[in-house]
Amino acid sequence: LLFLAAGLLLFLCGATRRWMREEITGSRRALLFFGAAWYALSILPLAATYTSPRHLYLPSFGLCVALGLWLSRAGTRHRVALTVVLAAFIALSAAYLFRKGWQWRQAAQLSERMRDDLQQIVREVPDGSGLILVNTPGFERGLFVWAWATPFVFREPFSDSDLPRRFRVIDAPSSYCCQWAQDKVPALRDLMAHPVDSYLIYLDENRRLNKRHLPRDAVRTLLGRLLDPNPGGVTKDGNVENAGLLAADWELFWRAHLKL
């Protein structure tokens with residue numbers, strides 16, 4: 001798909017170069033604007049932001065107009081060849097978009113299941129418990145699930161569990177918005193100094209949220225390891241080497257210690 005897109009772009013550049021040698025009037029001027037000029041002007045601001053396919057909606061509009069103009073001016077032989085190439089490009093793009101759309105649908109279904117499971121689990125947890133919430137993925141196959149969604153997903157209108165008022169919640173760093181270390185480290189230290197029976201909520205092998213009871217002594221021990229002032233990291237096989245407070249290792253830390 002990328003090679004086909006690159007070929008189309010080169011083809012258009014070659015055609016544009018030939019037309020630039022001629023007098024530029026009427027539709028040629030429009031073609032140049034919606035082709036190179038439109039793309040350059042609309043893509044330039046994206047240098048100051050993050051990369052996302054949706055950022056290309058506006059640039060791709062100009063290219064579509066340019067392709068339509070070029071096709072309307074092409075000779076019969078070139079028109080047939082370009083139509084075939086464009087049809088193949090559209091078919092491949094449709095297949096790619098269908099695959100991406102299916103992945104987004106799966107991510108959305110996972111998010112919905114986690115929300116429903118969480119509300120059911122919270123009803124079963126007695127008041128007065130601490131609550132450590134981990135392994136709720138922010139991303140799934142590179143797509144957003146709960147990334148930067150907490151604590152909002154715990155509140156109305158997304159949830160009626162009233163989670164933040166009933167428990168001290170320690171969200172997974174991949175899900176939390178936005179300054180996790182500044183907001184959660186004091187809560188972790190306080191929970192370690194004054195431990196209470198807590199519950200670890202995690203995503204199990206069936207892709208459903210589950211809970212595990214953590215006695216207060218286990219809470220103190222585990223948080224002591226997590227807050228190690230000399231962090232090492234988590235190895236590829238899941239073993240903990242003084243994991244410390246590393247956001248990237250948060251889920252691996254709990255998985256390794258609790259054999260999740």
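Worth knowing before you read on, the calculation uses all heavy atoms, side chains too, and leaves out hydrogens, waters and symmetry mates.
Applying the side chain to side chain donor-acceptor pair (under 3.5 Å) criterion to Ser111, with sequence neighbours excluded, gives Trp146. Legend: residues meeting ring pair (Phe, Tyr, Trp, His ring centres under 6.0 Å) with His213, ordered by chain and number and at least two apart, are Tyr199. Residues satisfying the salt bridge (Lys or Arg N to Asp or Glu O under 4.0 Å) criterion with Arg99, sequence neighbours excluded, are absent altogether. With sequence neighbours excluded, the residues satisfying side-chain contact (heavy atoms from CB on, under 4.5 Å) with Asp160 are Gln119, Arg123. Partners of Gln103 according to the side chain to side chain donor-acceptor pair (under 3.5 Å) rule, which considers only residues two or more places apart in sequence or in another chain, do not exist here.
The side-chain heavy atoms of Leu252 and Arg255, taken from C-beta on, include a pair separated by under 4.5 Å. Leu203 has its side chain within reach of Pro137: a pair of non-hydrogen atoms, C-beta onward, lies under 4.5 Å apart.
Interatomic distance, Gln106 CD to Arg207 CZ, rounded to the nearest 0.5 Å: 10.0 Å. Taken to the nearest 0.5 Å, the OG atom of Ser198 stands 14.0 Å off from the NZ atom of Lys211.
At most 12 non-hydrogen atoms from other residues, nucleotides or ligands lie less than 6.0 angstrom from CD of Glu156.
Clustering of Ile, Leu, Val, Met, Phe, Trp and Tyr side chains at separations under 4.5 Å places Trp148 together with Trp104, Phe139, Leu143, Phe144.
Between Trp102 and Phe98, the two ring planes are parallel [angle under 30°; tilted spans 30° to 60°].
Residue Val196 comes nearest to Gly130 through the heavy atom pair CG2-N, 3.3 Å, listed as atom of the first residue, atom of the second, then distance.
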